[in-house]
Amino acid sequence: MSSQRRENIRLVTQFSAGALELGVSIAVGAFIGVGAFPWVKARFGEGAAYGFALVWFLAGVFAGFRSLLRVLRKFQQEDEQGGNGGAR
Amino acid sequence: MIPGLNWLEHHFLNPENGEPAFHVSNAILLSLIILLLAVLARAKTKSENLTDDDLVPESRLSVRNLMEIMVSGIMGIMRDSMGHAAPRFFYLVGTLAFFILFSNLSGLVPGFMPPTDNLNTTLALALVVFAMTHVYGFKEHGVAYLKHFAGPFWWLAWLMIPIEIISHLARPMSLSLRLFGNIMGDHKVAAIFFALVPLAVPVFTSVLGLFVSFVQTFVFMLLTMVYFSGAIEHGEH
């Protein structure tokens, strides 16, 4: 396999991994928020529990997009350095 | 089930229902096969009285040549991704690559259930990567590794720490689900096509399975290296 083809596969792999981590991060955040719901509701009330779940869901969304942006920023840095980056 | 392996398959039982846990017995069997291949490949170069002829590869395909091709291929991929830090992580990443590749390819053998067809196996592999990421991070940075979780500014730490925790927890989940989903899906598709058209069509599904096996091994390796590189790097996130 040529080095350019391997490099292209690497770039596609990292981008698709970032995209999958977007979804999984949202799921993890929602899972934490929903999982802790009964405990928060017992201690602080139902309103606080819903707020807690929403905060963790939004944190998951933010974490997912941050992972994706990190990948894109790395691609941009490699492109600017002009080394191995840049899918052809 | 493979004939003759009943003892191994029935020695490891699922505690929930008492059924054989094929992913455990098959994982052990594959590990033994890889170990045997490694011992065979190493046999000729292990002697204390080595000559130059012993170091020259054989002209025909042999176990040693095959293993050398695989090891040099893995090392080449690691050097492309990690640079001079590649040899440090070679043993772990190489072991993962061998195990995952052999597990995926074993699914092409009729009647053999690949260990990576089970979420328990892929999750175990992903958790090893998750744990070792942080071990390497602490070894490289010490307690200062925890600053990675606090973000670029100290006054944002209250916000960044939960977000970083979520990001890090998402990694083993995505690693395990991706590998499990691809291998299970490929296996299911092959089984369905084989049930529908037992002649000719399984050849194409086997070729697809071969491609998926190599690609998923590469993807797992690559992401492992990305996570390790991120843990030991000294730059800003």
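Residue contact with chain B, scored on non-hydrogen atoms closer than 4.5 Å, is absent for A:Ile26. Of the two parts of A:Ser67, only the side chain, counted from C-beta on, holds a non-hydrogen atom closer than 4.5 Å to a non-hydrogen atom of chain B.
More than 12 heavy atoms of other residues, nucleotides or ligands shown are found within 6.0 angstrom of CZ on B:Phe149. Around atom OH of B:Tyr145, more than 12 heavy atoms belonging to other residues, nucleotides or ligands sit under 6.0 Å away. Counting non-hydrogen atoms of other residues, nucleotides and ligands closer than 6.0 Å to CZ of B:Phe193 gives a total of 12 or fewer. Applying the 6.0 Å contact sphere to CZ of A:Phe65 captures no more than 12 heavy atoms from other residues, nucleotides or ligands. Enclosure of atom CZ in B:Phe204 is not indicated, since only 12 or fewer non-hydrogen atoms of other residues, nucleotides or ligands lie within 6.0 angstrom.
Checking B:Arg171, B:His168, B:Met173 one by one against A:Val28, the side chain to side chain contact (heavy atoms under 4.5 Å, CB included) holds for a single residue, B:Met173.
Ranking B:Val219, B:Val215, B:Leu222 against chain A, the residue ahead of the rest is B:Leu222, based on heavy-atom pairs under 4.5 Å.
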* **Chi angles and distances behind the side chain to side chain contact (heavy atoms under 4.5 Å, CB included) call for A:Phe62, B:Ile166** => CA-CA 10 Å; A:Phe62 192 79; B:Ile166 290 172; over 6 Å; no
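Nearest heavy-atom pair across A:Ser25 and B:Ser167 is OG-CA, 4.5 Å. When all heavy atoms of A:Ala17 and B:Leu223 are compared, the pair lying nearest together is CB-CD2, 3.3 Å. Closest non-hydrogen pair, A:Val24 versus B:Ser174, comes out as CG2-CB, 4.0 Å.
Rounded to the nearest 0.5 angstrom, A:Thr13 OG1 and B:Gln216 CD are separated by 8.5 Å. A distance of 4.5 Å separates CZ in A:Arg66 from CD in B:Glu164, rounded to the nearest 0.5 Å.
Here B:Glu233 does not pair with A:Lys74 in a salt bridge; the nearest charged N to carboxylate O distance is not below 4.0 Å.
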